[in-house]
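The structure appears right after this line, and notes come after that.
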Amino acid sequence: MKNYDLVIVGGGPAGLAAAVAARDNGIQDILIIERDHELGGILNQCIHNGFGLHTFKEELTGPEYASRFIEQVKERNIDYKLNTMVMDIAPDKTVTAMNSEDGMFVIPAKAVILAMGCRERSRGALNIPGYRPAGIFSAGTAQRLVNMEGYMPGRKVVILGSGDIGLIMARRMTLEGAEVQVVAELMPYSGGLKRNIVQCLDDFGIPLKLSHTVIDIEGKERVEGITIAEVGPDRKPIPGTEIHYECDTLLLSCGLIPENELSSNSGVELSPITSGPIVNDSLETNIDGVFACGNVLHVHDLVDFVSQEATNAGKNAAKYILEGKKEAKKTLEILPVDGVRYTVPKYIRPEEMDETVTVRFRVGDVYKNKAIATYFGDTQISKRKKQVMAPGEMEQVVITKKQLAEYPDIENITIKIEEA
Amino acid sequence: MYDVAIIGGGVIGSAIARELSKFEVNAVVIEREQDLCCGTTKANSAIIHGGYDAKPGSLKAKLNVEGNKMFDELSKDLDFPFKRNGSLVVRTKDQDKEGLQKLYDQGIANGVEGLRIIERDELIKMEPNLADDVVDALYVPTGGIVCPFNLNYALAENAADNGVEFKLSTKVEKVAKTGDHYTITTNAGDIEAKTVVNAAGVYADEINNMVSSKKLHIVARRGQYELLDKSAGNHVSHTIFQLPSKMGKGVLVTPTVHGNLLVGPTAEDVDNKEGVNTTAEGLGGLAATSALSVKNVPMRQVITSFAGLRAHEDGGDFILGEAEDAEGFFNAAGIESPGLSSAPAIGVMIAKEVAEKLSLSENKNFNGKRKGILNPATLSLEERNELIKKNPAYGQIICRCESISKGEMLDAINRTLGARDLDGVKRRTRGGMGRCQGGFCSPRVMELLEQEVPMSPFDVTKNGPDAKIVFGYNKQI
């Protein structure tokens, strides 16, 4: 097996953009390892449009967006292996992977970029009571069946969870001739983008029932019916509010979980909030030379932001390989408080950071006419009013090196939601 | 005309079939589902009990202890996962010591070896996560954990390889004595046999009552469980039982033989013998009940929940042997806990009785060894590469969460009595049993079934013929 300086685990949008950036920043020997039979990751099954508005200033489908990056990877002759599974990443960045052609092989990499993406929360993890028949799919599995295999997984559908994939699939199943009866959402607000609620539910007359959940699944072989109920502020079903739907299919769109089993086995420290690695401004984890980007780091709404983040990870990994590890002179922690659930990155190094760092985060509730405020120590340095903020839409704050240099004595940065 | 017809292809029917195949016999196993291991055997605690729990002198006590002793050799001969991890029955400070002593005495009377009562100081070194209120425990070193699916399949495959016929998707409608033999009416025609073995699980009473006036009555006692991610699998290393109290038998917390953590079961009698649904109340109570013996069980890491039905007969003991008023009709009924532990011994006992009845001679060609589906994770890097070179399918991972290769899945489909649906592949290989619960791999496994069986994509099911996964091509529904 050829030696590689940089191994990128995952050939989806994050891995592709990271590879391109690493090459453009001087790294020759790069290997992308992809478990599926083609590059592009989950974008390949996202055949709807709306991708790339930020990056390419035009509306692309998922496969089109992916192909732009795949072309860049191919133009640069970056190596990739398909149908290949990374089995282990050792703390010393030795990557063990396996496929049918090469068998099991070991690559001692100088740097590793984690770009494995995420998985969907399953029925089991949601602990929905009832029978366990066929016809319960995560929205992404249904999306794969319809868009890639060409199979219809249901005729009469109930959807639990208003995550973006669920909303997209409500429209998709309707267009393919299925009857989507309702989307139930446990929380009092949707987990998806506003534009998807309008375009995928409202435009098709599909009701969205907020503060509702599935309390029973009927049918021993195939789903025969679903009962939903309204939930109170404690998110427990309220007796007497049950609604029964005759249906053959339940789709679940109840959250995405970064796939970090490989990372945590290698000793990467994870955030209990995002389930992704804790990183600094260079997107480096607690293990030197191991970087993370995309949905394995934290779940994104827009692939454009994934590409931006991954470009940074690729650039920083290149820098690490070429220049070696530099001990940070100082590290500031970003404290997420008052409605800000987490930030990525969590740490900023004022001396080593780029000229600007984009800090991304989500809020924990729906906020109307509030402001995002940033403090260096106790000093407020920015405040931006937002009409609406919701957990389904990622927010960001840009911090500049120049600005930080004016506050050499601060110990931390705070980002919070406050009165406008 | 068969010598023996065994009704039921669960662990009991399969254990009896394998023991019978040690004789020259023309035997058939009749199973209503399209796969074996679809009833009680597939949804239980997967524990091989020590044998302290049943009343001395009962069949449960005798066969549990006998069965337990057979597992080391059996698991080697038949190549299924089994581990003696030891059990602890823990007592909390508000429970009487007498209860624990009684279990100890009972265990001694039943012939359980190595029993010891252990005080908290020693206990907490063995199991640091025991609840603060736990004061002492009965230690049962012979307790074990097993893969119930592969135990069932191993027994059945080995029986089939030694000449026993299996009729799947065959539902018994009627059993009647016809002259000197029995006629079994099924959805797939009549089957005639000199003797019948009733291993029909929760339906064993109905089968018995067709031919015997000594009526049985079986209640389906539901047990609900939660299975936790492998990252929680080391929370305890022994199987932790609770000392039964006025509040009930409590629940167990145990590692599974595959490294997950299992919490359960509840115990509710249900009217419906198909009632394997979980309930909000049942699942909701597991966290609090398990906390009585084990603290900080990370219930947030649940990856699935399920329910199984135990066949509880009113008499409370196993019903084993020839029915008094129906010559040649043998019961293996009322097999609830410790049924899995007792299965190998029940197999020996019933096969012996049937063989005597029919004066069967020994099968000199009997081969008691069966090779399970290879687990490549047990191989060295070199061995694994050798394997992949010979069969590239072992280099392609289909189930990411459990790292199950295409090679293992092909073996599961193509071997003796192979898998015919997604759950069949899952039970045999663990593919789809991990944290994503088949989200990523089920379309791939569908493809494998389609190609290998072969079958139409629209006939691929989750479990059984009616559990269709997809209905048609796009726009064709």
Side-chain angles (χ1 to χ4, degrees), chain A residues 35 83-85 87 96 98-106 119-138 140-141 144-155 175-178 215-222 236-237 248-249 252 257 259 261 264, chain B residues 224 226-227 231 274 276-284 300-307 381 384-389 392-397 400-401 403 405-406 422 435-440 442-443 446-447 457-458 461-477:
Chain A
R35 53 193 166 194
N83 292 310
T84 305
M85 188 79 184
M87 308 297 281
T96 306
M98 185 173 83
N99 64 32
S100 291
E101 280 171 24
D102 305 293
M104 218 167 185
F105 56 94
V106 174
R119 65 169 175 271
E120 299 174 278
R121 189 163 280 128
S122 73
R123 182 253 171 115
L126 294 164
N127 233 344
I128 305 169
Y131 285 89
R132 300 197 300 153
I136 305 169
F137 302 92
S138 63
T141 306
R144 182 180 174 110
L145 287 170
V146 176
N147 291 350
M148 299 193 69
E149 325 279 339
Y151 298 145
M152 273 303 273
R155 297 184 180 104
L175 292 173
E176 290 296 340
I215 59 162
D216 197 20
I217 299 171
E218 292 146 52
K220 200 175 174 216
E221 277 84 26
R222 176 82 195 193
K236 295 260 168 15
D248 52 42
T249 304
L252 303 172
I257 305 165
E259 285 232 287
E261 283 67 33
S264 60
Chain B
Q224 302 186 38
E226 290 193 330
L227 186 74
S231 58
E274 301 293 315
V276 290
N277 54 318
T278 56
T279 63
E281 303 75 45
L283 297 177
R300 280 190 58 198
Q301 294 185 46
V302 168
I303 60 169
T304 191
S305 51
F306 61 89
L381 189 81
R384 203 155 177 175
N385 277 332
E386 204 52 44
L387 173 71
I388 295 169
K389 209 177 275 171
Y394 283 97
Q396 193 185 338
I397 295 291
R400 314 168 173 184
C401 302
S403 278
S405 68
K406 184 176 169 185
L422 290 187
R435 48 182 71 91
C436 92
Q437 289 285 298
F440 286 116
S442 53
M446 286 170 66
E447 229 171 78
F458 309 116
T461 64
K462 180 175 182 287
N463 55 337
D466 299 321
K468 303 247 186 259
I469 297 166
V470 292
F471 292 134
Y473 291 110
N474 285 354
K475 296 195 168 67
Q476 287 187 348
I477 54 160

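Side chains are part of it too, since the values below use all heavy atoms of this structure and drop only hydrogens, waters and symmetry mates. First the proteins, then the strands, lettered A, B, ... as listed; each starts at 1.
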Inset, instruction - Name the region of Ile257(A), side chain, backbone, both or neither, that has any atom closer than 4.5 Å to a heavy atom of chain B. - result: neither

Legend entry - CA sep, side-chain torsions, deciding dist, call: Glu149(A), Tyr473(B), side-chain contact (heavy atoms from CB on, under 4.5 Å): CA-CA 9 Å; Glu149(A) 325 279 339; Tyr473(B) 291 110; over 6 Å; no

Legend entry - Contact origin within Met148(A) toward chain B - heavy atom pairs under 4.5 Å: neither

Inset, instruction - Name the option with the most non-hydrogen atom pairs under 4.5 Å to chain B; the candidates are Gly154(A), Gly140(A), Gly135(A). - result: Gly154(A)

Inset, instruction - Tell me, for Ile128(A) versus chain B, whether the close heavy atoms (under 4.5 Å) come from the side chain, the backbone, both or neither. - result: backbone

Inset, instruction - Could you tell me which portion of Glu101(A) (side chain, backbone, both or neither) has an atom closer than 4.5 angstrom to a non-hydrogen atom of chain B? - result: neither

Inset, instruction - Could you tell me which non-hydrogen atom of Ser138(A) sits nearest to which non-hydrogen atom of Gly439(B), and how far apart they are? - result: OG-CA, 4.5 Å

Legend entry - Among the listed options Glu218(A), Met85(A), Arg155(A), the residue most often paired with chain B at heavy-atom distances under 4.5 Å: Arg155(A)

Legend entry - Whether Glu176(A) side chain and Asn474(B) backbone form a donor-acceptor pair below 3.5 Å: no

Inset, instruction - Just give me the residue among Asp466(B), Leu387(B), Thr461(B), Leu422(B) that pairs up with chain A most often, heavy atom to heavy atom, under 4.5 Å. - result: Asp466(B)

Legend entry - Contacting region of Tyr394(B) [heavy-atom separation from chain A under 4.5 Å]: backbone

Legend entry - OG on Ser305(B) to CG on Leu126(A), rounded to 0.5 Å: 10.0 Å

Inset, instruction - Find the one option among Thr279(B), Asn463(B), Ile469(B) whose heavy-atom pairs under 4.5 Å with chain A are most numerous. - result: Ile469(B)

Legend entry - Distance-minimising heavy-atom pair for Pro129(A) and Ala280(B): CB-N, 3.5 Å

Legend entry - chain A contacts, top residue of Arg400(B), Arg384(B), Glu274(B) (heavy-atom pairs, under 4.5 Å): Arg400(B)

Legend entry - CG on Asn277(B) to CG on Asp216(A), rounded to 0.5 Å: 6.5 Å

Legend entry - Heavy-atom closest pair, residues Ile388(B) and Gly103(A): CD1-CA, 3.7 Å

Legend entry - Pair Phe471(B) and Tyr151(A), ring centroids less than 6.0 Å apart: no

Inset, instruction - Work out which heavy atom in Pro392(B) is nearest to a heavy atom in Ser100(A); give both atom names and the distance. - result: O-OG, 2.7 Å

Legend entry - Considering all heavy atoms, the nearest Leu175(A)-Lys475(B) contact: O-CE, 4.1 Å

Legend entry - Worked verdict on Val470(B) versus Met152(A) for side-chain contact (heavy atoms from CB on, under 4.5 Å): CA-CA 5 Å; Val470(B) 292; Met152(A) 273 303 273; 6.0 Å; no

Legend entry - Contacting moiety of Arg121(A), where chain B heavy atoms sit under 4.5 Å: neither

Legend entry - With Asn127(A), the side-chain contact (heavy atoms from CB on, under 4.5 Å) member among Ile303(B), Thr304(B), Leu283(B), Thr278(B): Leu283(B)

Inset, instruction - Answer yes or no: is there an ion pair linking Arg435(B) with Glu261(A), defined by an N-O contact shorter than 4.0 Å? - result: yes

Legend entry - Contact summary for Ala467(B) and Ala134(A), nearest pair of heavy atoms: O-CB, 3.4 Å

Inset, instruction - Decide yes or no for Met446(B) and Leu145(A): does some side-chain heavy atom of the first lie under 4.5 Å from some side-chain heavy atom of the second? - result: yes

Legend entry - Lys462(B) and Glu221(A) ion-paired at < 4.0 Å: no

Inset, instruction - Please test Val276(B) against Lys220(A) for side-chain contact (heavy atoms from CB on, under 4.5 Å), starting from the C-alpha separation and ending with a verdict. - result: CA-CA 8 Å; Val276(B) 290; Lys220(A) 200 175 174 216; 3.7 Å; yes

Inset, instruction - Below 4.5 Å from any heavy atom of chain A, which atoms of Lys389(B) appear? Answer side chain, backbone, both or neither. - result: neither

Legend entry - Part of Gln476(B) within contact of chain A (heavy atom distance under 4.5 Å): neither

Inset, instruction - Look only at the side chain of Arg222(A) and the backbone of Lys468(B), and say whether a donor-acceptor pair between them is shorter than 3.5 Å. - result: yes

Legend entry - Under 4.5 Å from a heavy atom of chain A, the part of Glu386(B) involved: neither

Legend entry - From Gln437(B) atom CD to Leu252(A) atom CG, the distance as rounded to the nearest 0.5 Å: 11.5 Å

Inset, instruction - Step by step, work out the side-chain contact (heavy atoms from CB on, under 4.5 Å) result for Cys436(B) and Glu120(A). - result: CA-CA 7 Å; Cys436(B) 92; Glu120(A) 299 174 278; over 6 Å; no

Legend entry - Most chain B-contacting option - heavy-atom pairs closer than 4.5 Å, from Pro237(A), Ser122(A), Gly130(A): Gly130(A)

